[in-house]
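Just below is one structure, and these are the notes that go with it.
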Amino acid sequence: MTETLLYDIIIVGSGLAGLRAAISAASKNKNLKIAVISKVQVMRSHSVSAEGGTAAVLYENEGDNLESHIYDTIKGSDFLADQDVAELLVKKIPYEIIQLDRWGMPWSRKENGRIDQRKFGGYSFPRATYAQDKVGFYEMQTLYDTCLKYENITFFNEWFCTSILHNSNTFQGFTCIEIKNGHFVNMVAPSGIICTGGAGRIYSFSTYAYSSTPDGLDMAYRAGLALKDMEFVQFHPTGIIPSGILITEGARGEGGYLINSKGERFMKNYAKDKLELASRDVVSRAMITEIQAGRGFKHVSGVDCLKLDLTHLGDEKIKGKLAGIREIGIKFSGVDVINEPIEVRPVCHYMMGGIHSNVDGATELNGLWVAGEAACNSLHGANRLGANSTSECLVWGAITGELAANYSIKYKSNSINVDNQQISTEEKRIFDRIFRGKGDVNPYEIRKELTDTMDENAYVYRTESSLVEGLKKIRQLKSLYWKHVDDQVKEYNTNFLNVMELDSMLRVAEVVLLGALNRRESRGAHSRIDYKERDDNNFLKHTLAYYNDDGEPKMNWHPVTFTRYAPAERRY
Ligand SMILES: Cc1cc2nc3c(=O)[nH]c(=O)nc-3n(C[C@H](O)[C@H](O)[C@H](O)COP(=O)(O)OP(=O)(O)OC[C@H]3O[C@@H](n4cnc5c(N)ncnc54)[C@H](O)[C@@H]3O)c2cc1C
C-alpha cells in the first residue's frame, strides 16, 4: 500500500515563486499545513543564479512611472502579453521589493542610502533593483530565512514529483518519489501550486541549471492542462562559451557594449537609440546577423561569437558592481573582463511559455495554481524583458499562495477521495515502463541528441524546413527504445530521475517545435526567416497545446487580452 501524506497546500518547487507562495499561504493562516516539495535542496533551485535585477518602479518622484513599466512590458512582449497581467505585475511589484527589504534583503544602495536601480534592456528608466550581481541568491536566502520562521511550512527536499492526482476537474494532490530511499508517496491536499521553473535544459547551449527540465510542465500536460506559447524561447545575448553560463544584462546596463571582429560597436546599426539595451530578441538577432555576414570571431572551440567589452568600465566599477561575472569570466572563460573583452553568443535563457493560467495563476483544474517561470499567464507574451521574471515570481508567488490558502480553508484534505486506479497507472508508468524498462538505447545519448537538435533547429532564426526536420528528429528519438535504467538501486537513483526527465523533455520539445511550425510569422523571440513580418491579422493570439494519448499534441489558439494599448510597430 502506497504511503499517503495529507496537507492543506502542496507547493511543488522551492525557487523564488515557490518560497514566496509558501510565505503567503503560511501567513494567511497559521493552522494550514503547507508542504514545499523540491527535487533539489532549496538553495540549489535555479533562482539562486539570477544575476542582474528585479524590475519595479520605485521612484515616481524621480521621473519613473507605473504606466511606463506597463507599456515597456507590453512593447517588449511584441504585443502578445495579456495587458491586465502586465498591469497587475507593475502595480504589485513595488510592494514586494519593500517587503523583501523588511525581511532583510541586502539591496545595493545609492550614496544617499536609498535602494539603487540599474538600467536593463527594453526599459525607459533604470528599474532593475539589484544586489550586486547576485540578486537571485540574496532573494532566495531572504525568502528561505523567512520561511523558516513559519512552523506550518514543511520542506520535502529531494523529492521528485511525477504526476498530478485529480478527478475530472478538481486537483487532489501529487505523486512523488522520495529520492533518498526511492519510496513512492502520494501527497494529497485540496490545493496545489506548481512552481517548477523553466525548462531551458531542452537546449544544449543554455544558461539554466541542469535540473531545469520540463517535468513540472509535463505533469500538467499529461493531466490534460494546456501548455501555452511554448514556441517563444528567449535567447540571451551574452552566454559564455562553451559552458553557456550567463553574463548578466547588468553588464550592459552598467555600460558594457558588444563589438564585432572589425572592432565596431555594431548595435548602432540595429537599434540606434537603445543600442545594446534594446530588448533581448533584438540584440540576439543582430548578433546572429553579424556572424552570418562574416563579422564574428571564432572561439577556440570553433563556435562563432562576438565580444562583450567591459574594459572601459574600470577596475573599481567592475569589482564593486559586477564581481560575480568577473569571477565567472576568470573561472569559465579564462578572461578577466577588467583587462579584455569576453567572447559571447546568444544562449537559451528563458521560456516565455508554460502552463496555461488566468491572470491570477489559476489553471483549468479547480484547486491548482501555477506561478513563476512554469506558469504562462501571458505576462511576457513573445519576449520577456530582463528583470521582469524574478518580479513575476514574487508577485504571483504571493497571489497564488493567498488564493490557495483561501481555497484550502474552505475544502479539507480528509474529504478527498483519490482514485486508486490513477495511482496504480502512474506506478506502472514510472516503475514498469521506465525503471524496469527493457530499452537498449542509451538515454543519455538520446538526451544529447535532443538538446543538440533544439540548438540546431529552433534557435534564434527558424524556418519551416529547420522546424520540420527538428520535429522529425524528436519524434524519431521518442520512438526509439531508450526507456531503461541501468542503475537498479533504490536510494538516490539519479540515473532513474534523469531518464524520467528525458521522458518529459521529449514531449515538451515536440510542443515547442510544433508551436513554432504553426506560427507562420515573426514575433518577439520567435523569428521565422520564411515569414519575416509580424502578422497581427492571423497570429495575434496565444498557442495552446493539449496532450493526446495516441498521437500528436492537439493545438488550439487563445485570445490575447487588450486593456490599454493597440499593437504598434516596435522600435528601439
Ligand atoms: C542564469 C540565470 C540568470 C537569471 N537572471 C535573472 C535576473 O537577473 N532577473 C530576472 O528577473 N530573471 C532572471 N532569470 C530568470 C529567473 O531567474 C527565473 O525565471 C526564476 O528564478 C524562476 O524561478 P521559479 O521559482 O519559477 O523556478 P526555479 O527557481 O527554476 O525553481 C524550480 C523549482 O522546481 C523544483 N522542481 C522542478 N521539477 C520538479 C519535480 N519534478 N519535482 C519536484 N520539484 C521539482 C526544483 O527543485 C526547483 O526548486 C535568470 C535565469 C537564469 C537561468
Side-chain angles (χ1 to χ4, degrees), residues 10-22 36-56 93 118 120-121 127-131 133-137 139-140 143-144 155-164 174-179 187 193-201 206-220 234 236 238-239 243-250 253 324-325 328 347-352 354 370-375 380 384-394 396-397 497 500-501 504:
I10 304 167
I11 298 168
V12 188
S14 62
L16 284 173
L19 296 185
R20 184 65 190 87
V36 181
I37 304 174
S38 173
K39 67 176 175 175
V40 298
Q41 296 287 337
V42 174
M43 288 300 287
R44 286 185 175 270
S45 300
H46 183 61
S47 289
V48 293
S49 46
E51 298 173 1
T54 299
I93 187 61
R118 58 164 52 121
F120 239 63
R127 228 171 248 150
T129 321
Y130 66 101
D133 55 358
K134 303 185 181 75
V135 74
F137 173 79
E139 289 178 343
M140 283 288 290
L143 291 178
Y144 188 30
F155 283 96
F156 292 83
N157 289 331
E158 300 188 328
W159 281 53
F160 190 101
C161 267
T162 74
S163 75
I164 298 173
F174 296 100
T175 56
C176 311
I177 295 169
E178 185 176 0
I179 299 175
M187 300 275 281
I193 312 175
I194 297 183
C195 305
T196 49
R201 275 289 152 192
S206 168
T207 63
Y208 283 81
Y210 280 98
S211 57
S212 294
T213 48
D215 358 313
L217 301 182
D218 184 53
M219 235 172 2
Q234 177 164 83
H236 190 294
T238 56
S243 64
I245 296 175
L246 179 77
I247 299 290
T248 173
E249 192 164 284
I325 61 123
I328 286 170
V347 57
C348 171
H349 180 62
Y350 187 82
M351 317 285 294
M352 271 67 77
V370 282
E373 194 173 334
H380 311 294
R384 164 183 80 107
L385 293 188
N388 253 354
S389 170
T390 46
S391 302
E392 172 188 21
C393 291
L394 295 169
W396 275 278
L497 302 180
M500 301 260 288
E501 287 172 348
S504 72

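In listed order, ligands and their atoms are each counted from 1. One is the number of the first residue; the rest follow in order along the sequence. Here the structure is a predicted model, which means the values were calculated and not measured.
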Stepwise side chain to side chain contact (heavy atoms under 4.5 Å, CB included) check, D215 with M500: CA-CA 8 Å; D215 358 313; M500 301 260 288; over 6 Å; no
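- For W159, every heavy-atom contact with ligand 1 shorter than 4.0 Å involves the backbone, none the side chain.
- Residue-ligand proximity, G13 to ligand 1, at heavy-atom distances under 4.0 Å covers atoms 33 (C), 34 (O), 35 (C), 49 (O).
- Residue, atom and distance of the protein heavy atom nearest to atom 6 (C) of ligand 1 are A50 CB, 3.5 Å.
- Of the polar atoms of S212, none of the N or O atoms is found under 3.5 Å from an N or O of ligand 1, judged by distance alone.
- Residue H349 holds the heavy atom nearest to atom 50 (C) of ligand 1 of all those in H349, M140, R44, H236.
- With hydrogens left out, the protein atom closest to atom 9 (N) of ligand 1 is G53 O, 2.8 Å, a heavy atom.
- Residue contacts with ligand 1 for D215 involve side-chain atoms from C-beta outward but no N, CA, C or O (heavy atoms, distance under 4.0 Å).
- Using a 4.0 Å cut-off between heavy atoms, R384 contacts ligand 1 through its side chain alone, with no backbone atom that close.
- With a heavy-atom cut-off of 4.0 Å, V12 touches ligand 1 through its side chain alone.
- Among all protein heavy atoms, the one lying closest to atom 48 (C) of ligand 1 is S45 OG, 3.4 Å.
- Listed by atom number, the atoms of ligand 1 under 4.0 Å from T390 heavy atoms are 9 (N), 10 (C), 11 (O), 12 (N).
- Against a heavy-atom cut-off of under 4.0 Å, V40 is close to the following atoms of ligand 1: 47 (O).
- Between M140 and H46 the shortest side-chain heavy-atom distance does not fall below 4.5 Å.
- The shortest side-chain heavy-atom distance between V42 and F155 falls under the 4.5 Å cut-off.
- Residue C195 places a heavy atom less than 4.0 Å from ligand 1.
- Atoms of ligand 1 lying under 4.0 Å from at least one heavy atom of G372, given by number and element, are 26 (O).
- Under a 4.0 Å heavy-atom criterion, T207 is in contact with ligand 1.
- Nearest protein heavy-atom contact of atom 16 (C) of ligand 1 is S389 OG, 3.5 Å.
- The atoms of ligand 1 that sit less than 4.0 Å from any heavy atom of A387 are 9 (N), 10 (C), 11 (O).
- Per-residue contacts place G52 under 4.0 angstrom from the following atoms of ligand 1 (heavy atoms of the residue considered): 7 (C), 8 (O).
- In this structure, R201 is not positioned above the aromatic face of Y208 in the sense of NZ or CZ being under 6.0 Å from the six-membered ring centre and within 45° of the axis.
- Both the backbone and the side chain of E373 come within 4.0 Å of ligand 1, judged by heavy-atom distances.
- Nearest protein neighbour of atom 29 (O) of ligand 1, counting heavy atoms only, is S47 OG, 2.5 Å.
- The distance criterion of under 3.5 Å between nitrogen or oxygen atoms is met by C161 with respect to ligand 1.
- Nearest protein heavy-atom neighbour of atom 47 (O) of ligand 1: S38 OG, 2.8 Å.
- Among all protein heavy atoms, the one lying closest to atom 53 (C) of ligand 1 is H46 NE2, 1.7 Å.
- Of all atoms in ligand 1, numbered sequentially from 1 with element shown, those under 4.0 Å from a heavy atom of Y350 are 19 (O).
- Ligand 1 has no atom lying under 4.0 Å from any heavy atom of G386.
- Within ligand 1, counting atoms from 1 as listed, the ones closer than 4.0 Å to a heavy atom of A17 are 25 (O).
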Is there a side chain to side chain contact (heavy atoms under 4.5 Å, CB included) between T162 and M219 once you walk through the steps? CA-CA 7 Å; T162 74; M219 235 172 2; 5.9 Å; no
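- For the residue pair H380/Q234, the side-chain donor-acceptor check at 3.5 Å is not satisfied.
- Regarding atom 27 (O) of ligand 1, its nearest protein heavy-atom neighbour is G197 CA, 3.2 Å.
- Close to ligand 1: N388, with a non-hydrogen atom less than 4.0 angstrom away.
- When all heavy atoms are compared, the tightest approach of G52 to T248 is CA-OG1, 3.2 Å.
- Looking at ligand 1, you won't find any N or O of V135 less than 3.5 Å from one of its N or O atoms.
- Note on ligand 1: S49 sits in its first shell, one or more heavy atoms being nearer than 4.0 Å.
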